[in-house]
Amino acid sequence: MSSRPRVPGALVALVALFTAGYLAPYLLPTVVGRLSAGLGLTPSQAGLVGSVLLLGSSCAGFALAARGERIGPRRAARAGLLAMAVGYGSAAATDLVPLVVAGAVLGGLGSGTATAVAAAGIAGQRDPHRASTLGLLSVSATAGALYLTLPHLTGGHAPPLLAIACAAALVWPLTGRLPSATRGNRQAAPTGTLPHRRAGAVLAGGILCWSLAQNALWGVSGRIGLAQAGLSEVTVGAVFAVALGAGLVGVTAAGALGSRLGRAVPIGVGTVLIAGCVLLSSSAGDLASFATGEILWNALYPVVLSYLLGLAASLDPRGRWAVLVGAASSLGVACGPVTGSLLSEEAGYPGMGATLCALLLLVAIPMTAVARHVSGRPLVPGSVRRRGGAAGAVLAGTAAATPPTVPQMGASEQEVTPIPVPVGRRRLAKSAFRLARPSDRG
């Protein structure tokens with residue numbers, strides 16, 4: 001019997017864990033809106049609670065970036081899911097604001113832990129972009145179904161928080177498919193330095209600002225639809241559901257496209273288009289403009305995010321940059337709601353949109369540069385330059401075209417083993433050397 005792990009089962013568990021971890025950010029508009037309406041909080045206070053929730057998620061990601069291999073995927077995933085179920089469940093069960101905030105923080109820590117485990121596992125897959133695409137498809141479909149369901153449930157802040165807690169409980173049985181940490185694995189955990197530090201740091205900083213701009217608008221999108229566009233909660237929920245459905249189409253298209261365009265074009269052009277959608281959605285005054293901006297934006301957002309996650313995974317096959325970049329994204333997500341609330345109160349929704357549009361246009365430049373730099377680096381530089389040229393580099397960077405024995409783009413360069421050659425009296429003639437062939441033995 002083969003000793004290889006069951007990759008399909010592990011991938012299903014990682015996608016489910018990814019869905020549970022990302023569900024809180026995806027449901028952020030309705031969570032913030034329900035907190036404001038159900039607990040009598042001001043928009044800024046509700047946005048601050050949402051930011052605190054997501055800040056806990058980001059802190060968990062940074063903490064696990066260096067310790068995830070020692071703890072083990074199964075144990076860390078179960079701890080994160082337990083924290084989600086207890087935290088969000090307790091926050092939904094009380095109306096006391098301090099207890100709601102404490103439960104939200106605990107739930108956020110659990111969401112960040114689940115996301116970090118999923119990101120590290122996805123980075124270890126043969127095709128990280130495909131795996132992250134499946135995760136985004138799953139979370140978009142789940143969030144879309146909830147946006148259609150939650151407006152018909154009783155008011156108050158409890159329904160969206162209970163939905164996230166139930167999702168954590170449903171994913172728990174799948175964690176048995178994740179590998180557990182044994183004593184030998186913990187002792188053998190590598191402690192090498194991070195590869196591509198400069199590119200990874202630029203990418204982490206860029207995605208922090210990118211996520212902040214996205215979620216600054218996402219955190220107040222519900223209020224834009226209700227207050228500025230004059231829509232009902234049911235209509236706004238339907239728009240969000242259609243928008244997330246468009247996100248499913250976009251992610252499916254990104255998965256089919258794969259690496260044909262590389263990563264620089266989808267990241268750069270996609271971010272510029274998203275900036276235009278942010279400007280349109282923030283200035284919407286009726287159903288048509290609001291729906292158009294939200295649908296186009298949500299169709300593009302997961303596409304660009306899938307390429308950013310794939311780029312982060314390619315920087316380190318062990319998944320450390322994937323976790324760090326994901327934690328930086330969570331930090332930007334955490335700062336988004338309060339940033340959007342403060343900007344909208346000071347400059348209005350259109351002024352907030354113009355500011356976020358400018359930020360996205362600025363941050364598109366360094367992220368595109370990182371994508372071009374990393375995607376254009378050959379896996380084994382000397383070999384590709386001597387034998388394949390540019391075509392060889394493109395072939396080496398295509399996951400579908402490379403066997404598992406070839407390192408993926410971003411892996412460290414293979415070491416060259418020196419071969420001693422006799423010198424002096426016993427100098428060998430050039431004819432003593434020849435090319436090795438598969439038929440040679442010894």
Side-chain angles (χ1 to χ4, degrees), residues 23-59 88 91 97-98 100-105 107-108 111 143 147 150 155-157 160-161 164 208-231 233 236-237 239-240 243 274-275 277-285 290 293-294 297-298 301 328-360 363:
L23 196 56
Y26 266 70
L27 293 180
L28 188 63
T30 189
V31 169
V32 172
R34 291 292 187 109
L35 288 173
S36 178
L39 298 178
L41 302 177
T42 65
S44 296
Q45 290 173 336
L48 182 60
V49 174
S51 293
V52 170
L53 183 158
L54 298 173
L55 184 61
S57 177
S58 175
C59 292
Y88 294 127
V97 175
V100 172
V101 174
V105 171
S111 294
Y147 272 117
L150 291 175
H157 69 287
L161 296 174
I164 303 173
L208 188 154
C209 297
W210 187 86
S211 298
L212 183 147
Q214 307 284 335
N215 288 275
L217 177 63
W218 186 239
V220 298
S221 288
R223 298 205 297 273
I224 292 176
L226 294 173
Q228 182 171 282
L231 307 177
E233 184 182 4
V236 171
V239 170
F240 286 159
I274 286 174
C277 294
V278 168
L279 196 62
L280 174 62
S281 182
S282 63
S283 60
F290 178 74
E294 292 291 327
W297 173 36
N298 281 275
Y301 166 79
S329 176
S330 297
L331 183 59
V333 170
C335 298
V338 66
T339 301
S341 297
L342 293 175
L343 284 176
S344 61
E345 288 183 356
E346 293 295 329
Y349 295 122
M352 176 201 68
T355 303
L356 298 178
C357 176
L359 177 61
L360 286 171
V363 81

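Residue numbers start at 1 and run along the sequence shown. What you are looking at is a predicted structure, and each value in this text was computed from that prediction instead of being measured.
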Considering only heavy atoms from C-beta outward, does the side chain of [X] approach that of [Y] to under 4.5 Å?
X    : Y    : result
P25  : W218 : no
Q214 : L360 : yes
L41  : H157 : no
S281 : L217 : yes
V220 : L343 : no
L54  : N215 : no
Y26  : N298 : no
R223 : Y349 : yes

Distance check, rounded to the nearest 0.5 Å: [X] atom [atom1] versus [Y] atom [atom2]?
X    : Y    : atom1 : atom2 : answer
L279 : T355 : CG    : OG1   : 10.0 Å
E233 : T30  : CD    : OG1   : 6.0 Å
S283 : F290 : OG    : CZ    : 11.5 Å
S344 : L356 : OG    : CG    : 10.0 Å
L150 : F240 : CG    : CZ    : 12.0 Å
S341 : L48  : OG    : CG    : 9.0 Å

Counting distance only, does the side-chain N/O of S36 pair as donor-acceptor with the main-chain N or O of V32 below 3.5 Å? no
Heavy atoms only: give me the nearest [X]-[Y] pair and the separation to one decimal.
X    : Y    : value
R34  : P160 : CG-CG, 4.0 Å
S282 : M352 : CB-CE, 4.2 Å
L161 : A91  : CD1-CB, 3.9 Å
L359 : A213 : CD2-CB, 4.0 Å
C209 : V363 : CB-CG2, 4.0 Å

Could you go through L55 and L331, starting from their C-alpha distance and side-chain angles, then the distance that decides it, and tell me whether this counts as side-chain contact (heavy atoms from CB on, under 4.5 Å)? CA-CA 6 Å; L55 184 61; L331 183 59; 3.5 Å; yes
C277 vs Y301, test: side-chain contact (heavy atoms from CB on, under 4.5 Å). Steps then yes/no. CA-CA 10 Å; C277 294; Y301 166 79; over 6 Å; no
Apply side-chain contact (heavy atoms from CB on, under 4.5 Å) to the pair Y147 and V236, showing each step before the final yes or no. CA-CA 9 Å; Y147 272 117; V236 171; over 6 Å; no
